[in-house]
Amino acid sequence: MRTVIWILIVGGCGKSAPKPAEGSAAPPSRPPDDLDEKMRHCPLTVDGAVATYAFETTGTRWEITSSSAAAVEEIQRRAKHVVEFAAGRSEKGVHGGGQGGGRMRNCPVLTSGVVIAETDLPTGARLVVTPLAGREGDALRTETIARAKAFTFPTVTVSETTLP
């Protein structure tokens, strides 16, 4: 009996998936995506969004808004995701199985070494990004400015503002 089981296991190991019959369609694949894995979660990448940022004494305040009700809902959903992401849900084994880098390197809203607070606005969301102990505010400011300048989504406006 042991030999028969062993033969069945070995017999199945070398087999490859059957090839599609000639003339049949290939299996469906994922549609192409304009955004990489992390940018599709960035609230600033919602089409038509208007984003402003200002530096407070404790960090950076973002306001991401839109005149479209559907866009407002999506901005708020993504803003909440960014809060969770920054709170450590990207640690190995928790977010997406832990196989990725665990950072949003291109989103102007920094998520590494920070705490983010989110507030829904009638036209979008407000994010307040505060550096964790050991991360300097000047580094946060420099990286935010660099990412905002490099952010190239033609349907989104990003600008720095001053606090009232």
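Note that OG1 of Thr130 and CG of Leu140 are 8.5 Å apart. Values are rounded to the nearest 0.5 Å. Atom OG1 of Thr111 and atom CG of Leu127 lie 11.5 Å apart (nearest 0.5 Å).
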N/O donor-acceptor pairs under 3.5 Å from side chains in residues 149-161, not counting sequence neighbours:
{"unit_1": "Thr155", "atom_1": "OG1", "unit_2": "Asp47", "atom_2": "OD1", "d": "2.8"}

Which atom pairs, one a donor and one an acceptor, fall under 3.5 Å between side chains of residues 48-60 and the rest of the protein, sequence neighbours left out?
none

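Of the possible polar contacts, one joining the Arg147 side chain to the Cys107 backbone as a donor-acceptor pair under 3.5 Å is found. In this structure a side-chain-to-backbone donor-acceptor pair under 3.5 Å is present from Arg78 to Cys42.
For Ser68, the side chain to side chain contact (heavy atoms under 4.5 Å, CB included) test picks out Ser66, Ala70, Ala71, with sequence neighbours left out. Legend: residues meeting side chain to side chain contact (heavy atoms under 4.5 Å, CB included) with Lys80, ordered by chain and number and at least two apart, are Gln76, Glu118, Asp120. Scanning for salt bridge (Lys or Arg N to Asp or Glu O under 4.0 Å) contacts around Arg126 gives Glu63, with sequence neighbours left out.
Other members of the hydrophobic cluster containing Leu132, listed by chain and number, are Val115; membership follows side-chain contacts under 4.5 Å among ILVMFWY residues, whether direct or relayed.
When all heavy atoms of Val72 and Leu121 are compared, the pair lying nearest together is CG1-O, 4.5 Å. Between Ala86 and Ile116 the shortest heavy-atom distance is CB-CD1, 3.7 Å. Listed here is the closest heavy atom pair of Thr144 and Pro108: CG2-O, 4.3 Å.
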